[in-house]
Amino acid sequence: MQRLSLIKASHLNQNRVLPQLHSAFSITPSVQIASRVHHVIEYGADPTGTSDSTEALEQAIHDAFQSPLEDSHLMEGVSDLGGVEVHLDGGTYKISRPLRLPDSGGGNLMIHSGSLCASGDFPSDRHLIELRPRSTSSPFEDITLKDIMINSNFRGGGISVVDSLRTTIDNCYISHFTTSGILIQGGHETYVRNSFIGQHINVGGDRREKDFSGIGINIVGNDNSITDVVIFSASVGIMVAGQANVFTGVHCYNKATTLGGTGIYIRAPGFTQTRILNCYFDFTGIVVEDPVQFHVTNSFFLGNAFILIKSLNGVVSGVNIVDNMFSGDYTGVRIVQLDESKREFHDIDQVVVERNNVRGMTLKSTVARGTAWSNGTIWTVDFSKVLLFPNLIKYVQYTLHAGALFPNHVLRNVSRNRVTVESDAAVSATLHVSVDQTMISYV
């Protein structure tokens, strides 16, 4: 009985102490902070795509721009939205007008994880998502569009990025456009990566290929990067009008050249500054107008795909087409071709087409080596089949090997891309010649 009394007394003491401890260590509840992730379903968007979700998505985007961080900006005039997200909740949403980000501009925002589909009355001259600030003084910056499937339903384009800074389009799938899958106009540094773009969904061999239209990515601006992107159907894979753009790991099988298609078309004559690296041109090639500073390397051209250098004003300068692979069907298609239908090239400087390996196509180069044996006084090596530019040899180095005899000899002619050496006495000899069409001279 005494032990039981002690236990009860101890329990009573604990009951007296615990309220005191609870009072001493109690924590005042924190102020409720609203999430910076805006879930579109909570705004009434229909994730089945049955009903129109335009207004719900617009409201979610609008609200995402309403809580910028105080005293924090990106570029001048660009409010920092603090990493706010518009979450598409894995749904498919039908929209009847473009989802435009607010005219006020802003930055540090992501829209991601769902699908958008244009309704039957979506305007045919617009894009489903549009970044288009009201002025360049209040642009968008650091906007990310990620993990989004866009079905334009043959009613216009997919995404337009106009006068915006440092935009990222990542892991997107854009189909059924009629104008452009992605339009990049003005602004600075839009990065498109890990994405798939095509007017018609296919993996090649589509019977509708001759009717493919539109442009996969239309770039009208500078300093943009396209990386690890597949363009599987469009009339033009990538159209470029601007400088300092780079394309890496792009696979174009959008429309075959023989059907009028082009993989990458560069319309920046006289000031190109474009790099194409580690790309794959699948039955469709490259067209470039009056290129100045243009670089293509480590790329693969399949199915007679080739590079066409097109003359508008006859200028080609600072061009490197090196270390590529070309594969064709042995019908004599040249790996690099010139279009001089408007004007012949007359300003040719620092053009290097070299070290390309070729199977089933015709090699063209700006450098070449050859030999010719003759028993007489004249030796000629004809480079016209391999040299890129007609009737142009700027540099010649030759050796006449005549054994024990050594007649006087002279370089007689280099016209029509043929090198002729003549000696003053008949002799059995071999002529070894190296030529270069655009030798760089250092003064």
Starting from the C-alpha separation in whole Å, work towards a yes-or-no answer on side chain to side chain contact (heavy atoms under 4.5 Å, CB included) for His432 and Leu400.
CA-CA 6 Å; His432 303 272; Leu400 188 66; over 6 Å; no
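- Using a 4.0 Å cut-off between charged side-chain N and carboxylate O, Lys146 and Asp170 make a salt bridge.
- Atom CZ of Phe154 has more than 12 neighbouring heavy atoms from other residues, nucleotides or ligands inside a 6.0 Å radius.
- The two residues Leu99 and Ile61 come nearest to each other via the heavy atoms CB-CD1, 4.1 Å.
- Among residue pairs with one or both ends in residues 240-256, those qualifying as side chain to side chain donor-acceptor pair (under 3.5 Å) are Asn224-Asn245, His251-Asp282; sequence neighbours excluded.
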side-chain hydrogen bond (donor to acceptor under 3.5 Å, both in side chains) between Asp46 and Ser53, intermediate numbers included
CA-CA 6 Å; Asp46 176 9; Ser53 296; 5.5 Å; no
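- At a threshold of 4.0 Å, the pair Glu58-Arg97 counts as salt-bridged, since one of the basic side-chain nitrogens sits closer than that to a carboxylate oxygen.
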Derivation and outcome, side chain to side chain contact (heavy atoms under 4.5 Å, CB included), residues Met75 and Glu141
CA-CA 8 Å; Met75 290 287 291; Glu141 181 180 1; 3.0 Å; yes
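- What you find for Ile95 and Thr54 is that their closest heavy atoms are CA-OG1, 3.2 Å.
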Set out, in order, the CA-CA distance, both residues' side-chain angles and the distance that settles side chain to side chain contact (heavy atoms under 4.5 Å, CB included) for Val435 and Leu387, then state yes or no.
CA-CA 9 Å; Val435 296; Leu387 289 179; 4.1 Å; yes
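- Remark: Arg208 is not positioned above the aromatic ring of Phe212, lacking an NZ or CZ atom under 6.0 angstrom from the ring centre and at most 45 degrees off the axis.
- Nearest heavy atoms, Val315 versus Phe345: O-CE2, 3.6 Å.
- Here the CD-OG distance, from Glu344 to Ser311, works out to 8.5 Å after rounding to the nearest 0.5 Å.
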Take Asp80 and Ser72 through the test side-chain hydrogen bond (donor to acceptor under 3.5 Å, both in side chains) and record every step on the way to the result.
CA-CA 6 Å; Asp80 183 357; Ser72 179; 2.9 Å; yes
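- With hydrogens and angles ignored, the 3.5 Å screen pairs no side-chain donor or acceptor of Ser180 with any backbone N or O of Ile217.
- Two rings, from His87 and His38, have their centers 6.0 Å or more apart.
- The number of heavy atoms from other shown groups lying within 6.0 Å of NE2 (His62) does not exceed 12.
- Side-chain contact of Asp147 with His112: a donor-acceptor pair under 3.5 Å is absent, judged by distance alone.
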Could you check Trp379 against Ser374 for side chain to side chain contact (heavy atoms under 4.5 Å, CB included), going step by step and ending with a plain yes or no?
CA-CA 6 Å; Trp379 296 260; Ser374 178; 3.4 Å; yes
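- For Arg369, the CZ atom is loosely surrounded, since the number of other residues' heavy atoms within 6.0 Å does not exceed 12.
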Hey, mind stepping through Gln397 and Tyr395 against side-chain hydrogen bond (donor to acceptor under 3.5 Å, both in side chains) and telling me if it holds?
CA-CA 7 Å; Gln397 183 175 6; Tyr395 173 84; 3.2 Å; yes
Could you pull out all donor-acceptor pairs under 3.5 Å where a side-chain atom in residues 229-239 meets a protein atom, sequence neighbours excluded?
| unit_1 | atom_1 | unit_2 | atom_2 | d |
| --- | --- | --- | --- | --- |
| Ser233 | OG | Gln199 | N | 2.8 |
| Ser233 | OG | His200 | N | 2.7 |
| Ser233 | OG | His200 | O | 2.7 |

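- The minimum heavy-atom distance between Ala268 and Gly242, with the atom names listed, is CB-O, 3.6 Å.
- Under the 3.5 Å distance criterion, with hydrogens and angles disregarded, no donor-acceptor pair is assigned to the side chains of Asn324 and Asn298.
- Between Val40 and Ala60, the shortest heavy-atom distance links the atoms CG1-CB, 4.0 Å.
- Taking the charged nitrogens against the carboxylate oxygens, Asp339 and Lys342 have no contact shorter than 4.0 Å, which rules out a salt bridge.
- Atoms CG and CG, on Asn278 and Asp228 in that order, are 9.5 Å from each other to the nearest 0.5 Å.
- A side-chain donor-acceptor contact under 3.5 Å links Thr366 to the backbone of Val353.
- Using a 4.0 Å cut-off between charged side-chain N and carboxylate O, Arg355 and Asp323 make a salt bridge.
- Side chains of Thr50 and Thr48: a donor on one and an acceptor on the other come within 3.5 Å.
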Verdict with reasoning, Glu55 to Tyr43, per side-chain hydrogen bond (donor to acceptor under 3.5 Å, both in side chains):
CA-CA 9 Å; Glu55 291 187 3; Tyr43 287 82; over 6 Å; no
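- Partner of Phe281 under the side-chain contact (heavy atoms from CB on, under 4.5 Å) criterion, chosen from Ile276, Val250, Leu302: Ile276.
- Within a 6.0 Å radius of NE2 in His401, other residues, nucleotides and ligands contribute 12 heavy atoms or fewer.
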